[in-house]
Amino acid sequence: PLVPHHGVSFRGVSFTFDDSSEATLHDITFDLPEGGTLGVVGPTGSGKTTLLNLVARIYDPTTGAVSLGGRTLPGIPLDELTNHIGVVPQEAFLFSTTIERNVALGSARVDDRLVHEAATVVRIHDEITEFRHGYRQRVGERGITLSGGQKQRIALARALIQRPPVLILDDVLSAVDADTEASILDGLANWTDEQTVLIASHRISSVRHANLILVLDEGRVVQRGTHDQLTNQPGFYRDLHQRQTLEDELENL
(Lines give C-alpha, C1' and ligand atoms only; values in the text may rest on other atoms or scores of the structure.)
Protein backbone atom coordinates (compact mmCIF):
# COMPACT_ATOMS: atom_id res chain seq x y z
CA PRO A 1 0.00 0.00 0.00
CA LEU A 2 1.09 3.53 -0.70
CA VAL A 3 0.58 4.63 2.91
CA PRO A 4 1.47 1.55 5.00
CA HIS A 5 1.25 3.46 8.27
CA HIS A 6 -1.23 6.12 9.29
CA GLY A 7 0.27 8.16 12.08
CA VAL A 8 -0.24 11.92 11.65
CA SER A 9 2.49 14.51 12.20
CA PHE A 10 2.50 18.32 12.09
CA ARG A 11 5.84 20.10 11.85
CA GLY A 12 5.83 23.87 12.34
CA VAL A 13 2.47 24.18 10.60
CA SER A 14 0.98 27.64 10.09
CA PHE A 15 -1.96 28.51 7.90
CA THR A 16 -3.38 31.80 6.69
CA PHE A 17 -6.50 32.22 4.57
CA ASP A 18 -5.82 34.16 1.35
CA ASP A 19 -8.10 37.04 2.34
CA SER A 20 -6.57 37.51 5.79
CA SER A 21 -3.32 38.97 7.05
CA GLU A 22 -3.84 37.14 10.33
CA ALA A 23 -2.52 33.57 10.58
CA THR A 24 -5.36 31.18 11.42
CA LEU A 25 -2.92 28.60 12.81
CA HIS A 26 0.51 29.36 14.23
CA ASP A 27 3.46 26.95 14.41
CA ILE A 28 1.60 23.72 15.26
CA THR A 29 3.77 20.67 15.96
CA PHE A 30 2.64 17.27 17.25
CA ASP A 31 2.93 13.54 16.58
CA LEU A 32 -0.09 11.23 16.68
CA PRO A 33 1.00 7.59 16.41
CA GLU A 34 -0.85 5.06 14.28
CA GLY A 35 -3.97 3.90 16.10
CA GLY A 36 -3.88 6.87 18.49
CA THR A 37 -6.54 9.47 19.21
CA LEU A 38 -6.04 13.23 19.14
CA GLY A 39 -8.51 15.55 20.84
CA VAL A 40 -8.69 19.24 19.87
CA VAL A 41 -10.56 21.72 22.05
CA GLY A 42 -10.70 25.49 22.34
CA PRO A 43 -13.04 28.47 22.07
CA THR A 44 -15.14 29.08 18.97
CA GLY A 45 -12.88 30.41 16.22
CA SER A 46 -9.70 29.01 17.76
CA GLY A 47 -8.81 26.99 14.65
CA LYS A 48 -10.06 23.48 15.51
CA THR A 49 -11.82 22.85 12.19
CA THR A 50 -8.95 24.39 10.21
CA LEU A 51 -6.49 21.99 11.84
CA LEU A 52 -8.65 19.01 10.85
CA ASN A 53 -9.07 20.37 7.32
CA LEU A 54 -5.29 20.40 6.90
CA VAL A 55 -5.18 16.67 7.69
CA ALA A 56 -7.91 16.03 5.11
CA ARG A 57 -5.95 18.26 2.69
CA ILE A 58 -8.90 20.56 2.14
CA TYR A 59 -6.21 23.18 2.65
CA ASP A 60 -2.41 22.99 2.46
CA PRO A 61 -0.27 24.68 5.12
CA THR A 62 1.12 28.13 4.41
CA THR A 63 4.33 27.00 6.11
CA GLY A 64 5.41 23.71 7.67
CA ALA A 65 4.41 20.16 6.76
CA VAL A 66 1.60 17.71 7.50
CA SER A 67 2.59 14.05 7.14
CA LEU A 68 0.66 10.79 7.05
CA GLY A 69 2.60 7.59 7.61
CA GLY A 70 5.84 9.53 7.37
CA ARG A 71 5.02 11.04 3.96
CA THR A 72 4.02 14.66 3.43
CA LEU A 73 0.48 14.97 2.12
CA PRO A 74 1.36 16.58 -1.25
CA GLY A 75 3.40 13.46 -1.99
CA ILE A 76 0.35 11.20 -1.69
CA PRO A 77 -2.02 11.05 -4.72
CA LEU A 78 -5.41 12.53 -3.85
CA ASP A 79 -7.35 9.37 -4.69
CA GLU A 80 -5.14 7.39 -2.31
CA LEU A 81 -5.55 10.03 0.37
CA THR A 82 -9.33 10.07 -0.09
CA ASN A 83 -9.45 6.30 0.40
CA HIS A 84 -7.33 6.61 3.51
CA ILE A 85 -9.20 9.37 5.34
CA GLY A 86 -12.84 9.55 6.43
CA VAL A 87 -14.24 12.94 7.42
CA VAL A 88 -17.46 13.58 9.33
CA PRO A 89 -18.20 17.33 9.42
CA GLN A 90 -20.37 19.03 12.01
CA GLU A 91 -22.96 19.87 9.36
CA ALA A 92 -23.80 16.42 8.06
CA PHE A 93 -24.94 16.11 4.44
CA LEU A 94 -27.53 13.47 3.58
CA PHE A 95 -28.81 12.61 0.12
CA SER A 96 -32.45 12.45 -0.86
CA THR A 97 -32.67 8.67 -0.74
CA THR A 98 -33.24 5.94 1.86
CA ILE A 99 -31.50 5.90 5.23
CA GLU A 100 -29.95 2.56 4.27
CA ARG A 101 -28.38 4.00 1.11
CA ASN A 102 -27.17 7.07 3.00
CA VAL A 103 -25.31 4.84 5.45
CA ALA A 104 -23.91 2.50 2.78
CA LEU A 105 -22.96 5.34 0.43
CA GLY A 106 -19.62 4.82 -1.29
CA SER A 107 -19.08 1.37 0.18
CA ALA A 108 -19.16 -1.59 -2.19
CA ARG A 109 -21.19 -4.68 -1.25
CA VAL A 110 -22.41 -3.46 2.13
CA ASP A 111 -24.93 -5.87 3.60
CA ASP A 112 -27.84 -5.04 5.88
CA ARG A 113 -26.10 -6.55 8.89
CA LEU A 114 -23.18 -4.13 8.65
CA VAL A 115 -25.49 -1.14 8.13
CA HIS A 116 -27.50 -2.12 11.21
CA GLU A 117 -24.32 -2.75 13.23
CA ALA A 118 -22.92 0.71 12.46
CA ALA A 119 -26.28 2.32 13.24
CA THR A 120 -26.35 0.48 16.56
CA VAL A 121 -22.85 1.74 17.44
CA VAL A 122 -23.97 5.36 16.92
CA ARG A 123 -27.21 4.69 18.83
CA ILE A 124 -29.68 5.41 16.05
CA HIS A 125 -30.80 1.87 15.14
CA ASP A 126 -33.82 1.96 17.47
CA GLU A 127 -34.96 5.34 16.12
CA ILE A 128 -34.67 4.12 12.52
CA THR A 129 -36.75 1.01 13.20
CA GLU A 130 -39.54 3.25 14.53
CA PHE A 131 -39.86 4.99 11.15
CA ARG A 132 -42.72 3.71 8.99
CA HIS A 133 -40.36 2.14 6.44
CA GLY A 134 -37.43 1.54 8.78
CA TYR A 135 -34.08 1.62 6.98
CA ARG A 136 -35.91 2.08 3.68
CA GLN A 137 -37.42 5.35 4.86
CA ARG A 138 -36.52 8.12 2.42
CA VAL A 139 -35.14 11.35 3.80
CA GLY A 140 -35.76 14.74 2.25
CA GLU A 141 -33.25 16.92 0.49
CA ARG A 142 -30.32 17.40 2.91
CA GLY A 143 -32.16 15.22 5.39
CA ILE A 144 -34.71 17.85 6.35
CA THR A 145 -37.08 15.24 7.79
CA LEU A 146 -34.52 14.30 10.44
CA SER A 147 -33.23 16.13 13.51
CA GLY A 148 -29.70 17.51 13.60
CA GLY A 149 -28.62 14.74 15.96
CA GLN A 150 -30.09 12.04 13.71
CA LYS A 151 -28.32 13.45 10.65
CA GLN A 152 -25.00 13.59 12.51
CA ARG A 153 -25.31 9.99 13.64
CA ILE A 154 -26.25 8.69 10.17
CA ALA A 155 -23.23 10.49 8.70
CA LEU A 156 -21.05 8.99 11.43
CA ALA A 157 -22.39 5.49 10.70
CA ARG A 158 -21.52 6.03 7.02
CA ALA A 159 -17.92 6.86 7.91
CA LEU A 160 -17.63 3.89 10.25
CA ILE A 161 -18.72 1.42 7.57
CA GLN A 162 -15.94 2.59 5.26
CA ARG A 163 -13.37 1.85 8.01
CA PRO A 164 -10.83 4.46 6.86
CA PRO A 165 -7.42 4.14 8.56
CA VAL A 166 -7.74 7.81 9.59
CA LEU A 167 -11.08 9.09 10.92
CA ILE A 168 -11.67 12.84 11.37
CA LEU A 169 -14.63 13.86 13.53
CA ASP A 170 -15.44 17.59 13.64
CA ASP A 171 -17.76 18.15 16.61
CA VAL A 172 -20.00 15.40 15.24
CA LEU A 173 -21.92 14.84 18.48
CA SER A 174 -22.78 18.49 19.12
CA ALA A 175 -26.50 17.92 18.51
CA VAL A 176 -26.99 14.94 20.85
CA ASP A 177 -27.43 15.02 24.62
CA ALA A 178 -24.62 14.11 27.02
CA ASP A 179 -25.98 10.63 27.85
CA THR A 180 -26.37 9.69 24.18
CA GLU A 181 -22.89 11.02 23.49
CA ALA A 182 -21.38 8.91 26.28
CA SER A 183 -23.10 5.80 24.94
CA ILE A 184 -21.90 6.49 21.37
CA LEU A 185 -18.31 7.09 22.54
CA ASP A 186 -18.30 3.73 24.31
CA GLY A 187 -19.35 2.02 21.08
CA LEU A 188 -16.86 4.00 18.99
CA ALA A 189 -13.95 3.01 21.23
CA ASN A 190 -14.34 -0.64 20.19
CA TRP A 191 -15.14 0.02 16.52
CA THR A 192 -12.20 2.40 15.92
CA ASP A 193 -9.65 0.45 17.98
CA GLU A 194 -7.10 0.22 15.14
CA GLN A 195 -7.90 3.55 13.47
CA THR A 196 -6.10 6.84 13.94
CA VAL A 197 -8.79 9.26 15.12
CA LEU A 198 -8.81 13.07 15.32
CA ILE A 199 -11.70 14.64 17.24
CA ALA A 200 -12.52 18.33 17.57
CA SER A 201 -15.17 19.09 20.14
CA HIS A 202 -16.57 21.71 22.47
CA ARG A 203 -17.25 18.97 25.05
CA ILE A 204 -14.52 17.59 27.29
CA SER A 205 -16.33 14.23 27.41
CA SER A 206 -15.66 13.71 23.69
CA VAL A 207 -11.87 14.00 24.05
CA ARG A 208 -11.06 12.87 27.59
CA HIS A 209 -10.01 9.39 26.38
CA ALA A 210 -7.58 10.79 23.75
CA ASN A 211 -3.87 9.92 23.87
CA LEU A 212 -3.05 13.58 23.25
CA ILE A 213 -5.24 16.67 23.67
CA LEU A 214 -4.39 20.04 22.14
CA VAL A 215 -6.00 23.21 23.48
CA LEU A 216 -6.13 25.93 20.82
CA ASP A 217 -6.63 29.63 21.37
CA GLU A 218 -6.45 32.07 18.45
CA GLY A 219 -4.70 29.42 16.37
CA ARG A 220 -1.99 28.62 18.88
CA VAL A 221 -1.51 25.52 21.04
CA VAL A 222 -1.75 26.93 24.55
CA GLN A 223 -1.95 23.59 26.39
CA ARG A 224 -1.23 19.97 25.49
CA GLY A 225 -1.34 16.69 27.36
CA THR A 226 -3.69 13.96 28.51
CA HIS A 227 -7.02 14.59 30.24
CA ASP A 228 -5.51 13.89 33.67
CA GLN A 229 -2.55 16.17 33.02
CA LEU A 230 -4.72 19.03 31.77
CA THR A 231 -7.26 18.85 34.60
CA ASN A 232 -4.38 19.16 37.07
CA GLN A 233 -3.08 22.46 35.67
CA PRO A 234 -4.77 25.87 35.57
CA GLY A 235 -6.07 26.99 32.20
CA PHE A 236 -8.88 26.77 29.66
CA TYR A 237 -9.17 22.98 29.80
CA ARG A 238 -9.62 22.69 33.56
CA ASP A 239 -12.05 25.63 33.63
CA LEU A 240 -14.14 24.07 30.83
CA HIS A 241 -14.08 20.66 32.51
CA GLN A 242 -15.25 22.09 35.84
CA ARG A 243 -18.04 24.07 34.16
CA GLN A 244 -19.30 21.13 32.11
CA THR A 245 -19.11 18.76 35.10
CA LEU A 246 -21.27 21.20 37.09
CA GLU A 247 -23.74 21.53 34.21
CA ASP A 248 -24.05 17.73 33.96
CA GLU A 249 -24.64 17.46 37.72
CA LEU A 250 -27.36 20.14 37.60
CA GLU A 251 -29.07 18.39 34.67
CA ASN A 252 -29.17 15.13 36.64
CA LEU A 253 -30.75 16.65 39.75
Side-chain angles (χ1 to χ4, degrees), residues 6-33 36-76 78 81 84-92 152 166-175 196-244:
H6 43 273
V8 175
S9 295
F10 275 48
R11 285 289 174 271
V13 170
S14 296
F15 176 77
T16 307
F17 285 103
D18 290 340
D19 59 354
S20 173
S21 59
E22 294 283 320
T24 305
L25 293 176
H26 307 261
D27 196 23
I28 309 286
T29 296
F30 68 85
D31 289 304
L32 177 64
T37 297
L38 175 76
V40 187
V41 298
T44 301
S46 59
K48 300 187 294 293
T49 296
T50 303
L51 188 151
L52 297 186
N53 284 342
L54 289 172
V55 179
R57 214 181 163 208
I58 294 170
Y59 311 125
D60 284 330
T62 306
T63 58
V66 180
S67 300
L68 176 63
R71 298 187 60 184
T72 56
L73 296 191
I76 304 171
L78 276 176
L81 194 63
H84 225 72
I85 295 178
V87 180
V88 187
Q90 185 175 351
E91 294 297 324
Q152 284 184 335
V166 178
L167 184 61
I168 296 174
L169 308 177
D170 188 5
D171 215 4
V172 298
L173 300 178
S174 60
T196 303
V197 182
L198 297 93
I199 304 175
S201 181
H202 69 288
R203 280 188 187 151
I204 295 296
S205 49
S206 287
V207 301
R208 63 182 300 151
H209 66 289
N211 306 96
L212 172 65
I213 299 168
L214 301 180
V215 181
L216 296 183
D217 189 21
E218 295 184 349
R220 300 182 188 276
V221 176
V222 294
Q223 291 180 284
R224 69 172 68 213
T226 63
H227 173 76
D228 288 344
Q229 290 169 340
L230 292 172
T231 51
N232 282 310
Q233 59 181 250
F236 176 87
Y237 191 91
R238 187 167 75 180
D239 292 346
L240 183 63
H241 178 247
Q242 290 174 342
R243 187 168 75 245
Q244 292 182 352

Problem set entry | Nearest non-hydrogen partners of V207 and G39, listed with the distance | CG1-CA, 3.8 Å
Problem set entry | Residue list, ring-ring contact (aromatic ring centres under 6.0 Å, His included) with Y59, at least two apart or on another chain | F15, F17
Exercise. Considering residues at least two apart in sequence or located in another chain, which fulfil the side-chain hydrogen bond (donor to acceptor under 3.5 Å, both in side chains) criterion with T196?
Worked result: none
Seminar exercise, completed: Residue set satisfying side-chain hydrogen bond (donor to acceptor under 3.5 Å, both in side chains) with T231, at least two apart, ordered chain then number -> none
Exercise. Any donor and acceptor pair, going by atom type alone, linking the side chain of K48 with main-chain N or O of I199 inside 3.5 Å?
Worked result: no
Exercise. Under the side-chain hydrogen bond (donor to acceptor under 3.5 Å, both in side chains) criterion, do S174 and Q152 qualify, and how do the steps go?
Worked result: CA-CA 9 Å; S174 60; Q152 284 184 335; 3.0 Å; yes
For this session: Would you give the length of the straight line joining atom NE2 of H26 to atom CD of E218, rounded to the nearest 0.5 angstrom?
Result: 7.5 Å
Problem set entry | CZ on R71 to CG on L68, rounded to 0.5 Å | 9.5 Å
For this session: Answer yes or no: is there a side-chain heavy-atom contact under 4.5 Å between V40 and L198?
Result: no
For this session: For the pair T29 (side chain) and G12 (backbone), establish whether a donor and an acceptor sit closer than 3.5 Å, ignoring hydrogens and angles.
Result: yes
Problem set entry | Partners passing salt bridge (charged side-chain N to carboxylate O under 4.0 Å, His left out) against D31 (at least two apart in sequence or in another chain) | R11
Seminar exercise, completed: Sequence neighbours excluded, the answer for side-chain contact (heavy atoms from CB on, under 4.5 Å) partners of R238 is P234, Q242
Problem set entry | Test item: T72 and S67 side chains (from C-beta on) under 4.5 Å apart, heavy atoms | yes
For this session: Find the distance between CD1 (I204) and CG (L240) and round it off to the nearest 0.5 Å.
Result: 4.0 Å
Exercise. NE2/H202 to CG/D171 distance, rounded to the nearest 0.5 angstrom?
Worked result: 5.5 Å
Exercise. Side-chain contact, heavy-atom cut-off 4.5 Å: L173 with S201?
Worked result: no
For this session: Report yes if some heavy atom in the side chain of L214 is under 4.5 Å from a heavy atom in the side chain of F30; otherwise report no.
Result: yes
For this session: Could you check D27, I28, L32 and say which one makes a side-chain contact (heavy atoms from CB on, under 4.5 Å) with F10?
Result: I28
Exercise. Got L25 and L54 here, is their nearest side-chain heavy-atom distance under 4.5 Å?
Worked result: yes
Exercise. Where is the tightest heavy-atom contact between P43 and D217, given as atom of each residue plus distance?
Worked result: CG-OD1, 3.9 Å
Problem set entry | Shortest non-hydrogen contact between V13 and P61, atoms and distance | CG1-CB, 3.9 Å
Exercise. Considering residues at least two apart in sequence or located in another chain, which fulfil the side-chain contact (heavy atoms from CB on, under 4.5 Å) criterion with P33?
Worked result: none
For this session: Mind checking side-chain hydrogen bond (donor to acceptor under 3.5 Å, both in side chains) for T49 and listing every partner two or more places apart, or none if nothing turns up?
Result: D170
Problem set entry | Heavy-atom pair with the smallest gap, counting every atom of L216 and V221 | CD2-CG2, 3.7 Å
Seminar exercise, completed: Correct closest heavy-atom pair for A56 and L81 would be O-CD2, 4.5 Å
Exercise. With R243, which residues qualify under salt bridge (charged side-chain N to carboxylate O under 4.0 Å, His left out), at least two apart?
Worked result: none
Exercise. With H227, which residues qualify under ring-ring contact (aromatic ring centres under 6.0 Å, His included), at least two apart?
Worked result: Y237, H241
Seminar exercise, completed: For R203, the salt bridge (charged side-chain N to carboxylate O under 4.0 Å, His left out) test, sequence neighbours excluded, returns E181
Problem set entry | Counterpart residues, salt bridge (charged side-chain N to carboxylate O under 4.0 Å, His left out), relative to D60 (two or more places apart) | R57
Exercise. Tell me, do L38 and V8 make a side-chain contact under 4.5 Å, heavy atoms counted?
Worked result: no
Seminar exercise, completed: Sorted by chain and residue number, the side-chain hydrogen bond (donor to acceptor under 3.5 Å, both in side chains) partners of N53 (sequence neighbours excluded) come out as none
Seminar exercise, completed: d(T24 OG1, L51 CG) to nearest 0.5 Å is 11.5 Å
